[in-house]
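The structure appears below as C-alpha cells.
Quick caveat, the model's predicted, so the values are computed rather than measured. Sequence lines set the chain letters: A, B, ... in the order given, protein chains first and strands last, and positions in each chain run from 1.
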There are 2 protein chains.
Amino acid sequence: MCTAYVYGVNVYVQRKLVKFDLEILLTYDEGMTTTQRPTLTRDRIIEAAVAYADEHGIDALSMRKLGAELDVEAMSLYNHVANKDDIYDGMIEYVFASLPLPDPDADWQDSIRFIGVAGMDTFTSHGWIVALLMIRGNFGPSALRFTDAVIGILTNAGFSDEDAHHAWQMLSSHTMGYAFQAAANPEGLQKEHVDVEAALTAAADHFPNVARLAPFLAQCEYGSEYAFGLEIIIDGLAARLAS
Amino acid sequence: MCTAYVYGVNVYVQRKLVKFDLEILLTYDEGMTTTQRPTLTRDRIIEAAVAYADEHGIDALSMRKLGAELDVEAMSLYNHVANKDDIYDGMIEYVFASLPLPDPDADWQDSIRFIGVAGMDTFTSHGWIVALLMIRGNFGPSALRFTDAVIGILTNAGFSDEDAHHAWQMLSSHTMGYAFQAAANPEGLQKEHVDVEAALTAAADHFPNVARLAPFLAQCEYGSEYAFGLEIIIDGLAARLAS
DNA sequence: ACCTGAACACCGTTCAAGT
DNA sequence: ACCTGAACACCGTTCAAGT
C-alpha cells in the first residue's frame, strides 16, 4: 500500500484509524517521493483491530489481516503486543474507556437510566464486544472504573452492599442480554441464513403464537425494548429501596 | 482405540456418549476378537460434540478431535453433516429440545418462573450455548417450540401481542444475560487469568466501591441472582397487566 | 530496536481413491 | 454407501536472520 518505506525515518501522522482517514494518508503517501508510515504502537494496533472488527466482525480478525491493515507483516505486531488475547483485552479496554458517566449530582434513577442507555448504545455499535467479554472477562481498569461508578451511585442512593450487588448484577445482565440479542439478531448474522420472517410465517401451522408475533419479532428495535425493560427494573429497585 | 474394524459388519451398540459408557464400550471391544463400532450417525456426532464442548469448551471442539472422539477420521463426519456450522445448529437444537415446559394449567407467573429457572439451569450446564447462539441464532424447531410456548402463556394470561413481545424480549434477555455472565465468570474462563478477588482488592485505592463489594462479586451465585431479578420482572409485568 | 521470511502445529474443507 | 489420505488455504506463534 505505501509504495516505499525508508527505514528509520518514521514520521508519525496523527490520525484515527477509520477508513476515510486511512485513504487520506495513502493519498498523501503516494504524493511523496520518499514515503513513510506511522510508527507501530500498541494503541494503533488496538484501534485498527476495533475498526476491523466493527466492519468485518470479530471472527474475520486475524493477525495476518490486521498486519496488512497496518501495512506491516503479522509478525511485527508481536513487538508491541503479547499475543492475540492481549489485543482482545485492549479492544475491551478501548470500548469500556469510551463509556460516559453521568452527572454526579443527578438523581440515582436518572443516572442508572443514563448509564444503561449509553452502555447499550456503545455495545450495539461494537457488536463483537459481547463475544469478547465471554472469552476474556472484563477486569481492565476502565471496566473497573465503570463498575465502581455504578455501584457508587447505588450505595449513595441508599442501597445496602448486598442489594447494590443484586442491582448491579441485574442491570448488567439486562444490558448484556439485550446487547447479546442485538448482536445475535439475524441482521447481524451471516447472510446465508434464511429470511427469518419467512421462516416464522412458514411455521404457522405448528407455532401459531410465534407466527402471530412474527412482525414484532422480525423488526424488533432492541434499543427501545431495552429502555422498556430498564424502566421495569428501575421501578422494582425503587420499590425495594422504599421498603 | 478400537483395535480392529471389520468393514461392513457394523453392529450398533446403544449408548450415550458420556465418558463412562465409552470406556465400557472400549473394554467390551478389546475383549472381542472381531471388534465393531456403532455406525456413525448425525445424532451420534451431535451428542459427541455436546459432550466434548461440555468438558473442554466450545473453542477446543474441532472436526479432527471430534472424529477422534468417535473413533473415525475427521473427513468421515462430512458424510453425515454438512459442515461445522451444521454441527453447531445441531448442538443448539439438542439443548433447546431438552428444555422442559410447565404444566399447561399452571398460573402464568408460576409458568414463567418455572421456564426461566429451568432454562437458566440448562444454559449454565452447557456454558457454550450463549456463544453458539451468538454465531448461529436460534431458529430450529425446538427453539420455535419453546418460544411459542412462552408467548402462549403470556397471551393466555391476557397480555396484548405487543406487550407479550415486550415481555418475551425482556425475559429472554434476562435469561441470556445471566447465562452470559455465568459463562463469562472467571471460574469458566481460562486458568491463566489472574485471581479476580486479589485483583479487585488490589485496586482498592482507585475503586473503593468495587473493593467493598469484592466478596459479593467474587462468589456470586448466578442462579439465585437470576431468580431475584426474575421476581422483579414478573412483578413489573403483573403490574402492567393489571393497569 | 524493530521488522521479516520461513517454519511449526494446528484449523475447516475438498476430492479422488479405496473397500 | 461410507471411510480415508493427501492436499489446499487458512490460522496463531516462534525464532533466527536481517537492517
Side-chain angles (χ1 to χ4, degrees), chain A residues 1-12 34-45 48-49 52-53 56-91 131-132 135-136 190 192, chain B residues 1-12 34-45 48-49 52-53 56-91 131-132 135-136 190 192:
Chain A
M1 303 177 99
C2 288
T3 44
Y5 168 55
V6 182
Y7 185 78
V9 193
N10 295 335
V11 176
Y12 185 79
T34 60
T35 49
Q36 55 277 119
R37 58 183 169 187
T39 62
L40 206 53
T41 63
R42 188 173 195 280
D43 284 350
R44 282 193 63 231
I45 293 173
Y52 194 90
H56 303 100
I58 192 73
D59 285 341
L61 179 67
S62 77
M63 299 300 275
R64 283 169 172 88
K65 288 183 203 156
L66 185 54
E69 206 77 10
L70 289 162
D71 207 7
V72 125
E73 295 300 316
M75 302 76 199
S76 303
L77 302 174
Y78 288 88
N79 286 315
H80 303 91
V81 135
N83 49 30
K84 202 181 185 187
D85 280 345
D86 192 20
I87 294 181
Y88 286 155
D89 288 342
M91 294 170 76
L132 233 47
I135 305 174
R136 299 294 301 166
Q190 290 89 333
E192 76 263 23
Chain B
M1 302 176 95
C2 286
T3 43
Y5 168 57
V6 181
Y7 184 78
V9 193
N10 294 334
V11 176
Y12 185 80
T34 59
T35 49
Q36 55 277 119
R37 57 185 168 186
T39 62
L40 205 52
T41 62
R42 188 172 195 279
D43 283 350
R44 283 193 63 228
I45 294 173
Y52 194 90
H56 304 99
I58 191 73
D59 285 342
L61 179 67
S62 76
M63 299 301 274
R64 284 169 171 86
K65 287 183 202 155
L66 184 54
E69 206 76 10
L70 288 161
D71 207 7
V72 124
E73 295 301 314
M75 302 75 199
S76 302
L77 302 175
Y78 287 88
N79 287 314
H80 304 90
V81 136
N83 48 31
K84 202 182 184 185
D85 280 345
D86 193 20
I87 294 180
Y88 286 155
D89 288 344
M91 294 170 76
L132 233 46
I135 306 174
R136 299 295 301 167
Q190 290 90 334
E192 77 262 24

Inset, instruction - Report yes if some heavy atom in the side chain of Leu40(B) is under 4.5 Å from a heavy atom in the side chain of Val72(B); otherwise report no. - result: yes
Legend entry - Glu73(B) CD - dA17(C) C1' separation (whole Å): 15 Å
Legend entry - Ser76(B) side chain near dT4(D) phosphate (N/O to OP1/OP2, under 4.0 Å): yes
Inset, instruction - Using modelled atom types only, decide if a donor and an acceptor are shared between the side chain of Lys84(A) and the backbone of Met63(A) within a distance under 3.5 Å. - result: no
Inset, instruction - Name all residues meeting the side chain to side chain contact (heavy atoms under 4.5 Å, CB included) criterion together with Asn83(A); count only those two or more places apart in sequence or in a different chain, and write none if there are none. - result: Tyr78(A), Asp85(A), Asp86(A)
Inset, instruction - Of all the heavy-atom pairs spanning Leu77(B) and Gly67(B), show the shortest one and how long it is. - result: CD1-N, 4.0 Å
Legend entry - Residues which pass ring pair (Phe, Tyr, Trp, His ring centres under 6.0 Å) with Tyr88(A), listed by chain and number, not counting sequence neighbours: none
Legend entry - Residues Met91(A), Leu61(A); criterion side-chain contact (heavy atoms from CB on, under 4.5 Å); working and verdict: CA-CA 12 Å; Met91(A) 294 170 76; Leu61(A) 179 67; 4.0 Å; yes
Inset, instruction - To the nearest Å, give me how far apart CD1 (Ile45(A)) and P (dC2(C)) are. - result: 11 Å
Inset, instruction - For residues Arg44(A) and Thr39(A), report the shortest heavy-atom separation together with the two atoms involved. - result: NH1-O, 3.1 Å
Legend entry - Rounded distance (Å) that lies between atom P of dG5(D) and atom CG of Asn79(B): 14 Å
Legend entry - Dot-bracket encoding per residue of DNA chain C, Watson-Crick/G-U cut-off under 3.5 Å, | denoting interstrand: ||.|||||...|||||.||
Inset, instruction - Look at the side chain of His80(A) and the backbone N and O of Ile45(A), then say whether any donor-acceptor pair between them is shorter than 3.5 Å. - result: no
Inset, instruction - Do nucleotides 8-13 of chain D as a string where each nucleotide becomes B, S or -: B if the base has a protein heavy atom under 4.0 Å, S if just the sugar-phosphate does, - if no protein is that close. - result: ---BBB
